[in-house]
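Report on the structure given below.
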Amino acid sequence: MTDLTPWPAAFAERYRTAGYWRGQSFSAALRDWSMRHGHRLAVVDGGIRRTYRELDERADRFAAGFAARGVRAGDRVVVQLPNTADFFDIVFGLFRLGAVPVFALPAHRESELGYFCLHAEAVALVLPGVHDGFDHSTLIPAVRAAAPSLRLVLEAGSDLGADPVDLPDPASDTLAFLQLSGGSTGLPKLIPRTADDYLYSVRESAGICGLSTASVYLCVLPVAHNFTLSSPGVLGVLHAGGTVVMCPRPTPDVAFPLIARERITITALVPPLALVWLAAAERAEHDLSSLELLQVGGAKLPADTARRIPPVLGCAVQQVFGMAEGLVNYTRLGDPAELVENTQGRPISPDDELLVVDDHDVPVATGGTGHLLTRGPYTIRGYYRADEHNAVAFTPDGFYRTGDLVRLTPEGYLVVTGRAKDQINRGGEKIAAEEIENHLLAHPGVHDAAVVAVPDAYLGERTCAFVTLRDGDARPTAAQLRAFVRSRGLAAYKVPDKVRIVDGFPVTGVGKISRTDLRAALRAQLAQEA
Ligand code: OOB
């Protein structure tokens, strides 16, 4: 099983020659940022205010602390952290040691964490204590039972540091961390990223978004998500010498006072949150005048929402269409309103290759709609330890099949028109249909299940599970099935919004149809009803 599918030598050579891949590790990058911006304010979290120099020193201490606990270079460590300053200590501590963080989201529960630890053969897990009213330590027994490799569970916020020790600088072209995919088949895939490829996307993103030492970024979405981490996100801000302000909750009652107090210049939201912020800003008592740019991405932003942002929030809007596998597209700061409102931007790099193809991988006519395939200097060539899946998720010549349906405008901008993958995009939170179907199938009363997206005015999409039951006395109700899925210990956003018990599924003349066709038929049925 392959951990990191390398780029072919000719591509690697090209990306190095072009100056994209610079041979810098994350540890060296932080050292460099500290050298350049030492006394500037790097991170704010409530009353905590840390300079670049302090971040760098804390990374030394945390690296030593992990080493003292037996964590070695190359070891995988699953990290589940909310938006706090601890994130930087722990993640840069691991980077400095050459250990490999695996980024779980705060919403994940024992089902996901157990799987990440097992699949990555993690030696350690770092959890928050009580976060958002939930005690994460209650997950430990189930995660330990699922993952025999796990030797160490640590609580963030406790002092994990130790006196610094000498450590060799990690390589820049090996596995640096594992990001999560939204997933479309079974459990989320793990995405292997290197410092070379990731830091390239970070530097370019910082430039595209006009970041400087004067930038103050509010980290609203989960910090470990690719959007908030690197597009340009918290790493882009640190590269530019600006300040990151951690926002513990995305709601206007928490975010708006922080914008006013810290004079926030830039932040990033998913479309449903942008709607909530717009509604709140219309009657805002807080001074939001420092805000210069609102980035929106993760799911399709309706054009009329994009249009309302500048007048209501008093800032520019930028659409961001990206994926943890790599490719990120931005509308540019000086672009005409027409492009900013109606497209999802264009790629970061002149070496991002895009293909728009039909169902047989044949390129469609110019301007036509089709499947988006991509490869480039920061797009992976394979998922972590997923050889079988990689054979279908990538073309033989290394293009990643994004699963998104798009068309290209004459200006070379992308318009996302739909999706071919079996995934639900619930306001930016991705749900693999098959993962939820498998949870439903674990119920003894369930014969079959198909999970599909239902259009929703607020979230863009919600989930609907169609379920057929076994004959017998124990016929669960829709409410009982939702409760059953919830009891399986998974992120709350994955519990189906609706469960519909039906007598049977559509079949063709010859019998059963494929899962994908079944889901399409059910979506069509829902559309007809609406
Ligand atoms: C971002 O990353 P992921 O990995 O959570 O999800 C990627 C998928 C894309 O393949 C696409 O289906 C959808 O999310 N998506 C959008 C979108 N941005 C992402 N669909 C329509 N319009 C958009 N603007 O979601 C992500 C990663 C980095 C930056 C921004 C978003």
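Reckoned from all heavy atoms, side chains included, excluding hydrogens, waters and symmetry mates. Computed from a predicted model, the values in this text were never measured in an experiment. Counting begins at 1 with the first residue of the sequence. As the structure lists them, so they are numbered: ligands from 1, and atoms in each ligand from 1.
Among all protein heavy atoms, the one lying closest to atom 30 (C) of ligand 1 is F227 CG, 3.5 Å. Scanning the protein for heavy atoms near atom 12 (O) of ligand 1, the closest one is D404 OD1, 2.5 Å. Among protein heavy atoms, the minimum distance from atom 24 (N) of ligand 1 is reached at V320 O, 2.8 Å. In terms of protein heavy-atom proximity, atom 15 (N) of ligand 1 is nearest to G298 O, 3.4 Å. Atom 7 (C) of ligand 1 has its closest protein heavy atom at G322 O, 3.3 Å. Of all protein heavy atoms, the one lying nearest to atom 4 (O) of ligand 1 is A324 N, 3.0 Å. When hydrogens are left out, the protein atom nearest atom 21 (C) of ligand 1 is K300 N, 3.3 Å; that is the closest non-hydrogen contact. Nearest protein neighbour of atom 23 (C) of ligand 1, counting heavy atoms only, is A299 O, 3.4 Å.
Contact check on R515 versus E434 returns no salt bridge, with no Lys/Arg side-chain nitrogen under 4.0 Å from an Asp/Glu carboxylate oxygen. The pair R22-D196 does not meet the salt-bridge criterion, since no charged nitrogen lies less than 4.0 angstrom from a carboxylate oxygen.
When Y378, W21, Y20 are each tested for a ring-ring contact (aromatic ring centres under 6.0 Å, His included) with W7, only one passes: W21. The salt bridge (charged side-chain N to carboxylate O under 4.0 Å, His left out) with E461 is formed by just one residue from the set R419, K300, R523; it is R419.
Rounded to the nearest 0.5 Å, atoms OH (Y413) and CZ (R346) are 4.0 Å apart. Going from atom CG of L81 over to atom CD1 of I90 covers 4.5 Å, rounded to the nearest 0.5 Å. Between the CG atom in D197 and the CD1 atom in I380 there is a gap of 9.0 Å [rounded to 0.5 Å].
Within the structure, ligand 1 lacks Q179 among the residues with a heavy atom less than 4.0 angstrom away.
Considering backbone and side-chain atoms alike, H225 places an N or O below 3.5 Å from some N or O of ligand 1. Geometrically, ligand 1 and Q319 share no nitrogen or oxygen pair separated by less than 3.5 Å.
Geometrically, R203 does not engage Y198 in a cation-pi contact, judged by NZ or CZ lying under 6.0 Å from the ring centre and within 45° of the ring axis.
Only the side chain of S231 comes within 4.0 Å of ligand 1, judged by heavy-atom distances. Of all the heavy atoms of N425, the ones lying under 4.0 Å from any atom of ligand 1 belong exclusively to the side chain.
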Working note: H108 + F116, criterion ring pair (Phe, Tyr, Trp, His ring centres under 6.0 Å); need CA distance, chi angles, decisive distance, verdict.
CA-CA 10 Å; H108 287 139; F116 300 148; 5.3 Å; yes
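Atoms of ligand 1 lying under 4.0 Å from any heavy atom of Q344, numbered from 1 in the order shown and given with element: 22 (N), 24 (N). Listed by number with element, the atoms of ligand 1 under 4.0 angstrom from any heavy atom of K430 are 1 (C), 3 (P), 5 (O), 6 (O), 8 (C), 13 (C), 14 (O), 25 (O).
At a cut-off of 3.5 Å, with distance as the only test, a side-chain donor of T395 or D397 sits close to an acceptor on the other residue.
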